[in-house]
Amino acid sequence: MDKHQNEIDLFDQYTDGILNKDLSTSVEERLSSDREFAAGFEEYKLLTDGIKYSGRKKLLQKVKSWDKQIVEFPDQDHSGKSRFIRWYYFAAAISFFIIASAIIYSSFKTNYETIVANNYMPYTYIPETTRGDKIDANSMENIFTFYDQGEYVQTIQMINKLDAAERSELSDYILANAYQATGKFDEAIVIYGEIANMESIYSSGSKWYLALCYLSKKDLNKAVPLLENLQQSKTSYAPKAKSVLEELNK
Amino acid sequence: MIERIKSKDSEQELREVYSKYRNEFLLWAVKHYDCTMEEAKDVFQQTIVIFYENIIYGKVTVISTQVKTYLFGIGKNKILELLRAKKKNMPQFEEGDIDIQHIFYNEPNAEYEEKLVQMESSLALLGDPCKSILEHYYYHKKSMMEISEILDYKNRETVKNMKYKCLQRLKQIFKTEFNSNN
């Protein structure tokens, strides 16, 4: 083994922190007194940092490739179902897709944006308390005032600044509405999806807005089941859902 | 888990961790911070890499908190880093946050990063098996014995000699290709 290889081994052990105290101190002394040795170490650092940099990027790319195989926010786990039932659902989904496609093509071009525009109205917040003359700048009341005035970007920023303890179903619902109103459908979908699955007074509303978000994204496969669910419900959203479904089927 | 991540099955183990906590993290990040789904996704992917590095570099030997708490702790700080960069509103660190002193690798400055990119290109020119040997040893912290098993070499001595020669070759390529810039 030549001198240079020994030096590389020494650097490996030094950077791994496995040299004993005396040897480690000796390396540090040489680094500060021996210019050639220090230059060799600098070169070694650059080489190994470059290798780590390359390894890190490669791993990150691999992690990103895993993401493409993940189902985003599945409604339920089908792992326990038999292969037959899975095929049945698959066949049903394909049939649904074909029928839906036929409907879409038969109507030449269904304009989802128009349907959403005709049916979307941001949630109207009705304050529980009478507004006083003095309103705390960071209070929910003030945030909802911005929301009522259509200041959705400001509303988003203010709600996101709140501590977890200050957040509520209502503030989340308002936040989702503000996201939807500003065209950030993915963000809105996440929050609506959560509330829709809760026992909340905003659950039906969330399903309604969720369906409209999916329509805005032209994702019929997700919008239609939500609308059908609402149509069957005994909520104020049932006639609205029925109307949208009829428009979609025209 | 730490041992499995350090072992040959590290990829499978990491992949399971990724799949298990990914959706929950995205929901949490978008709900609590002013970030988009895409930003949250990027942050979580970086978090997984940092989680892996902290384990293989021995920065964490025992995860005293749950894996989820640890991951979310890393992720939270990455989001705050992102928000700081975007000059957005930054919440204060909360009591009970996990100690992050050991979490991050040092971000290189722009000049040094340029050299790292050049070194990455040199490594690509070097090609396999050298590239794999060097990455297994210096990035994944595999021992000579483990590398000999993974890459099917006769023994650790063979790998050790190859590693040295590969490093010299990499140095040569770097000097030849980027000499004018350095």
Side-chain angles (χ1 to χ4, degrees), chain A residues 1-2 4-9 11-12 15-18 43-67 69-74 156-165 167 172 175-176 179 184-191 193-194, chain B residues 11 14-15 18-19 22-23 26-27 30-38 40-42 44-46 48-50 52-53 57-58 88-89 91-92 94 105 108 112-113 115-124 131 134-141 160-161 163-165 167-168 170-171 174 182:
Chain A
M1 199 184 286
D2 66 16
H4 194 246
Q5 190 166 358
N6 280 334
E7 205 169 79
I8 295 290
D9 285 347
F11 290 156
D12 282 345
T15 50
D16 283 344
I18 54 174
E43 194 176 63
Y44 164 88
K45 275 289 289 169
L46 178 60
L47 284 165
T48 55
D49 283 351
I51 295 163
K52 288 176 189 167
Y53 181 83
S54 169
R56 179 177 300 135
K57 277 179 79 174
K58 210 160 123 183
L59 178 62
L60 189 59
Q61 279 167 6
K62 196 171 273 181
V63 175
K64 284 181 185 295
S65 75
W66 298 340
D67 200 77
Q69 292 148 29
I70 289 180
V71 178
E72 293 212 18
F73 312 110
I156 292 167
Q157 288 172 349
M158 292 174 87
I159 295 181
N160 280 326
K161 261 200 271 184
L162 293 175
D163 291 329
R167 299 280 285 263
D172 285 353
L175 177 62
Y179 275 132
K184 292 186 171 181
F185 301 116
D186 288 335
E187 286 86 343
I189 285 168
V190 170
I191 303 170
E194 265 197 306
Chain B
E11 189 177 322
L14 268 188
R15 198 178 176 139
Y18 185 81
S19 305
R22 184 246 196 213
N23 285 356
L26 299 193
L27 288 170
V30 170
K31 182 174 176 183
H32 294 285
Y33 299 93
D34 190 12
C35 66
T36 66
M37 283 296 268
E38 278 309 306
K41 205 184 282 182
D42 284 344
F44 189 61
Q45 287 159 353
Q46 289 170 34
I48 289 289
V49 173
I50 295 168
Y52 172 73
E53 290 180 357
Y57 296 154
K88 283 195 173 179
N89 306 311
Q92 296 298 307
E94 291 159 13
Y105 52 79
Y112 195 62
E113 184 162 14
K115 285 186 177 176
L116 297 183
V117 172
Q118 292 171 350
M119 193 60 78
E120 187 190 15
S121 305
S122 304
L123 203 56
K131 187 170 185 274
L134 294 176
E135 282 182 354
H136 276 303
Y137 186 79
Y138 287 108
Y139 181 67
H140 297 286
K141 290 288 167 195
K160 193 176 176 185
N161 287 330
K163 184 212 115 192
Y164 174 69
K165 286 175 187 164
L167 208 54
Q168 295 310 305
L170 178 64
K171 190 164 78 177
F174 180 74
N182 296 284

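Here is the naming used below: chain letters follow the sequence lines, and residue numbers restart at 1 for every chain.
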- Message: I'd like to verify something: which residue of A/S54, A/G50, A/G193 has the highest number of heavy-atom pairs under 4.5 Å with chain B?
- Response: A/S54
- B/L170, part contacting chain A, at a heavy-atom distance under 4.5 Å: both
- Nearest 0.5 Å, what's the CG-OH distance between B/L167 and A/Y44? 8.0 Å
- Query: Do the side chains of A/R56 and B/Y139 get nearer than 4.5 Å, heavy atoms only?
  - Reply: yes
- Taking C-beta and beyond as the side chain, do B/Y137 and A/D12 meet within less than 4.5 Å on heavy atoms? yes
- Derivation and outcome, side-chain contact (heavy atoms from CB on, under 4.5 Å), residues A/K52 and B/Y57: CA-CA 12 Å; A/K52 288 176 189 167; B/Y57 296 154; 3.9 Å; yes
- Query: Does a side-chain heavy-atom distance below 4.5 Å link B/L116 with A/L46?
  - Reply: yes
- Item | pair A/I51-B/M119: side-chain heavy atoms closer than 4.5 Å | no
- So, the part of A/L60 with a heavy atom under 4.5 Å from chain B: the answer is both
- Separation between NZ of A/K64 and CG of B/D42, rounded to the nearest 0.5 Å: 4.0 Å
- Are any non-hydrogen side-chain atoms of B/H32 and A/N160 less than 4.5 angstrom apart? no
- chain B contact via A/I8 - side chain, backbone, both or neither, heavy atoms under 4.5 Å: side chain
- Message: I'd like to know if the side chain of A/D9 pairs up with that of B/Y164 as donor and acceptor (distance under 3.5 Å, no hydrogens or angles considered).
- Response: no
- Comparing B/H136, B/K163, B/K31 against chain A, the one with the most heavy-atom pairs below 4.5 Å turns out to be B/K31
- Item | Between B/Y138 and A/D49, a side-chain donor and acceptor under 3.5 Å | no
- Do you know which of B/Q168, B/R15, B/H140 has the most heavy-atom pairs under 4.5 Å to chain A? B/R15
